[in-house]
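I have placed the structure first, in the form of structure tokens, so that the comments after it can refer back to it.
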Amino acid sequence: MSRNPREESVAVIGSGVAGLITAYTLIRDGFTNVEILSRDAHVGGIWARDRIYPGLFLNNVHGEYRLTPLKMPPPVSGGDRLSGYDMNKYFETFASRFLEGKIQFNLHVHNIRRPTSGQGWLLDISDLKSGIQETREYARLVMCTGGSSNPRIPQELSPEAAAAAGFKGLVMHTVDFARKIDVLLANAAPAESGPDTPSVVVIGGGKSAQDVCAYLANEGKKVTLVCHNLDPFTAGPKPLPEFIRKSRLLSLFSPHIHLRTALERLLHTTWIGKQIVDFVWHGLADSSFKAMNIPVDSPLRNTVSPYWHVRVNDEGVPRPNGFHPLAVAGKIEVLSPAHVTGFSEDGTSVSLDDGRSLRASVLVLATGYTSSWSPLFEENTIEELGLNPHLAEPNPEYHWDYTTLSDAPPLHPDAKKWSCSLYRGLVPAKNIHRRDFAVNGACISPNNGYTVEVASHWISSYFLRDQMRIAQTPEEAFKETERDAAWLKRRYPEVPTALNASLTGYLAFWTWPQHVDDLLEDMGLPVMRSGGNGLTWPFQVVDLKEIEHLKGERDAKRAVISS
Ligand SMILES: Cc1cc2nc3c(=O)[nH]c(=O)nc-3n(C[C@H](O)[C@H](O)[C@H](O)COP(=O)(O)OP(=O)(O)OC[C@H]3O[C@@H](n4cnc5c(N)ncnc54)[C@H](O)[C@@H]3O)c2cc1C
């Protein structure tokens, strides 16, 4: 007789938002043996107390980031923007209120494999405090290791390359920013020093790079940003009204893999729809530049299109101490498009691809993150789960005649390298029938709290073997993930999905509400929960209240099916 899944052990790896809500949902669903294993010393993942830093603010276009069991208090420092400190406080409160005694810290999981019995999982774990190594066995596993844990450091800019070139300055990745702020400040020259004084050189155009630059400029330090291009952003003279920012509206101007409503079909499959969609996205980008007073010839305009990308920062109403206003005022030097190729021979500079060199006292690498999975699995585990990189074969069955995809930019060369076989961005297709392995947090969403919470219910139902609308065989599931892969390459061709496997399970991004509807539908639950009538539904505010009773809804469904 098969055992009751609720009595079997589950390891949740990671204590960020995904790990916390996954463990919470499993426990509420009756799983009696759930352990969170985290290599961190504190909860919160990227919002943990030793990773947050001054100037870190929540940048969600949707303006939300919380979980249903706990209300998010207003920002402590006033205003309408949650800081890193607010976020950290929130997750620490969540853990102490709901997960007391469930989290084991300082445990680095460094290998995951099947035991010889072929059932369950063996985890090789190092205790980072005591140095003790052990192997533990669990029946089920949820990977919540995030996509922003393991820094990506280009070889030519690594501390080793710096040492080999005799570079005298400090080299650090932004993952260490909070821990190294003091030494960074001590090595940074004042802003008013002459042109020959070395600068802090920050490499990258994303949120972390912009945060570091703004922080240093506000501290009166000399700082230069070098990047290929900058992340797009939204901004306006006033905060966007809730019926735009927090509704489904923006998501409708982005095509989803399938178009559920007549409005989406009108917008994405007709000529007039494309004109409207183009107008909205150009207008959004243009009005954001204007709100920030960015001159037309400024390198700050060297951004990618928000429509084709999955990292878009909501700057809201410009703040005089924010990145863009500081750069416009000349307090941050921005070199873009430009590329740092390595260290110069003089020991005090870095070289640029245009032949110039730049004097640097500190090199801050805001160069992103690599997958948190790759070091964790043995070759045969990767093979068994089907998470090994593979080229998605072009298949004429998978095509989308959307007018809004007609002038797509070319496919990034790295995006051609592989496809991810995570069904719904949650479970490896090849393992779908075994119901003992899942991933949460691999899907980039501008409303992360909502998305990971619905995903946690999906995972719990999957482990409980609830009746769900999901692929029944690995072959069926694999076919769907191949279709997803083809779709992602079509929808976000510039996003090099090969760069970070643990963040590219499924790039729902703008269409996160549609993605969440797919997950709800899999569980047999009502979709499009923000309500409204035929005219008002696109403008209804999406509220976390809509998913407050998911557990009860799933319980009721299960009861009906078993009666
Ligand atoms: C500087 C920065 C700013 C960001 N700002 C925003 C923002 O404004 N809005 C937004 O939506 N998103 C933002 N993000 C993205 C952010 O990563 C996600 O919002 C979210 O925090 C990810 O949560 P997670 O639980 O999936 O992963 P994480 O928060 O990264 O947590 C991963 C957890 O897994 C643990 N772990 C990893 N590997 C192992 C291992 N081998 N063994 C044991 N434990 C392990 C880590 O220690 C950590 O506890 C930001 C990211 C960064 C880096």
Side-chain angles (χ1 to χ4, degrees), residues 11-23 35-48 50-53 55-67 81-84 86-88 90-91 95 103-112 123-128 141-152 173-178 204 206-212 215 231 310-315 366-377 425 439-453 455-456 500 502-503 505 509 512:
V12 174
I13 311 179
S15 56
V17 59
L20 298 179
I21 191 62
T22 303
E35 293 177 1
I36 304 179
L37 313 177
S38 176
R39 69 175 170 205
D40 292 341
H42 306 281
V43 294
I46 75 118
W47 307 103
D50 45 6
R51 279 199 64 186
I52 51 172
Y53 46 82
L56 173 63
F57 285 92
L58 184 67
N59 261 10
N60 285 20
V61 173
H62 199 252
E64 267 280 350
Y65 199 137
R66 75 169 186 93
L67 304 166
R81 296 172 68 82
L82 292 161
S83 69
D86 296 318
M87 296 291 289
N88 168 253
Y90 180 79
F91 290 117
I103 312 177
Q104 300 172 41
F105 292 109
N106 300 303
L107 294 184
H108 177 64
V109 178
H110 56 86
N111 192 19
I112 297 173
L123 269 53
D124 295 329
I125 298 172
S126 313
D127 187 315
L128 299 174
L141 197 56
V142 192
M143 300 281 295
C144 301
T145 49
S148 308
S149 278
N150 295 354
R152 192 178 81 83
H173 189 273
T174 43
V175 74
D176 291 320
F177 181 55
K207 179 174 190 273
S208 303
Q210 297 180 17
D211 280 351
V212 171
Y215 176 74
D231 274 3
V310 296
R311 290 185 200 276
V312 180
N313 301 328
D314 181 26
E315 297 294 335
T367 41
Y369 294 85
T370 63
S371 170
S372 55
W373 299 344
S374 8
L376 282 180
F377 299 109
V439 174
N440 199 357
C443 173
I444 300 181
S445 156
N447 193 347
N448 214 28
Y450 196 120
T451 318
V452 289
E453 184 158 343
S456 74
N500 188 345
S502 57
L503 255 196
F509 202 69
W512 73 269

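Given the structure is predicted, the values throughout are model-derived calculations rather than measurements. In each ligand, atom 1 is the first atom listed, and ligand 1 is the first ligand listed.
Between H42 and F91, the gap from one ring centroid to the other reaches at least 6.0 Å. A ring-centre distance under 6.0 Å is found for Y215 and F177. You'll find the ring centres of Y90 and W47 outside the 6.0 Å limit.
Summary of contacts: the protein heavy atom closest to atom 45 (C) of ligand 1 is R39 CG, 3.8 Å. Considering only non-hydrogen protein atoms, atom 30 (O) of ligand 1 sits nearest to I46 CG2, 3.4 Å. Shortest contact from atom 5 (N) of ligand 1 to any protein heavy atom: K207 NZ, 3.2 Å. Protein heavy atom nearest atom 25 (O) of ligand 1, with residue, atom name and distance: A18 N, 3.0 Å. The nearest heavy-atom contact from the protein to atom 41 (N) of ligand 1 is V109 O, 2.9 Å. Among protein heavy atoms, atom 10 (C) of ligand 1 sits closest to N60 OD1, 3.1 Å. In this structure, the protein non-hydrogen atom closest to atom 49 (O) of ligand 1 is D40 OD2, 2.9 Å. Considering only non-hydrogen protein atoms, atom 23 (O) of ligand 1 sits nearest to V17 CG1, 3.4 Å.
Contact annotation: the side chain of L141 approaches that of I13 to within less than 4.5 Å [non-hydrogen atoms, C-beta and beyond]. In this structure, the side chains of F105 and L37 stay at 4.5 Å or more apart for every pair of heavy atoms. With contacts defined as side-chain heavy-atom distances shorter than 4.5 Å, the pair D211/F57 does not qualify. Side-chain contact between M143 and L376: present, with at least one pair of heavy atoms (C-beta onward) separated by less than 4.5 Å. Side-chain contact between S126 and R39: absent, with no pair of heavy atoms (C-beta onward) separated by less than 4.5 Å. The shortest side-chain heavy-atom distance between T174 and V212 falls under the 4.5 Å cut-off. Residues L58 and M87 meet the side-chain proximity criterion, which asks for heavy atoms closer than 4.5 Å. Looking at V109 and I112, their side chains come closer than 4.5 Å, going by heavy atoms from C-beta outward.
In terms of polar-atom proximity, N448 is counted as a contact of ligand 1, with an N or O under 3.5 Å from an N or O of the ligand. No N or O atom of S445 sits closer than 3.5 Å to an N or O atom of ligand 1. Here's the thing with S15: one of its N/O atoms is less than 3.5 angstrom from an N/O atom of ligand 1. Considering both main-chain and side-chain atoms, Y369 never comes within under 3.5 Å of ligand 1 through any nitrogen or oxygen pair.
In this structure, a donor-acceptor pair under 3.5 Å is absent between the side chains of S445 and N448.
Residue S208 has at least one heavy-atom neighbour below 4.0 Å for each of these atoms of ligand 1: 1 (C). Which parts of ligand 1 touch N59 is read off a 4.0 Å heavy-atom cut-off, strictly below it: atoms 7 (C), 8 (O). Listed by atom number, the atoms of ligand 1 under 4.0 Å from L58 heavy atoms are 7 (C), 8 (O), 9 (N). Residue L376 has at least one heavy-atom neighbour below 4.0 Å for each of these atoms of ligand 1: 41 (N). Each of the atoms 40 (C), 41 (N), 42 (N) of ligand 1 lies under 4.0 Å from some heavy atom of H108. Ligand 1 places these atoms under 4.0 Å from at least one heavy atom of I13: 42 (N), 43 (C), 44 (N).
Of the heavy atoms in Y53, only side-chain atoms (C-beta onward) come closer than 4.0 Å to ligand 1. Only backbone heavy atoms of L107 (N, CA, C or O) come within less than 4.0 Å of ligand 1; its side chain stays farther off. Contacts between C144 and ligand 1, counted as non-hydrogen atom pairs separated by less than 4.0 Å, involve the backbone only.
Rounded to the nearest 0.5 angstrom, D127 CG and Q104 CD are separated by 9.5 Å.
No option in Q210, E315, R311 other than E315 meets the side chain to side chain contact (heavy atoms under 4.5 Å, CB included) test with N59.
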Item to check | Residue pair T370, N150: steps toward the side-chain hydrogen bond (donor to acceptor under 3.5 Å, both in side chains) verdict | outcome: CA-CA 5 Å; T370 63; N150 295 354; 4.7 Å; no

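With F57, Y65, F105 as candidates, the residue nearest to atom 18 (C) of ligand 1 on a non-hydrogen basis is Y65. Distances from atom 27 (O) of ligand 1 to the heavy atoms of S149, P151, G16, G146 show the closest one on G146.
At a 4.0 Å cut-off, not a single heavy atom of F91 sits close enough to ligand 1 to count as contact. No heavy atom of L20 sits closer than 4.0 Å to any atom of ligand 1.
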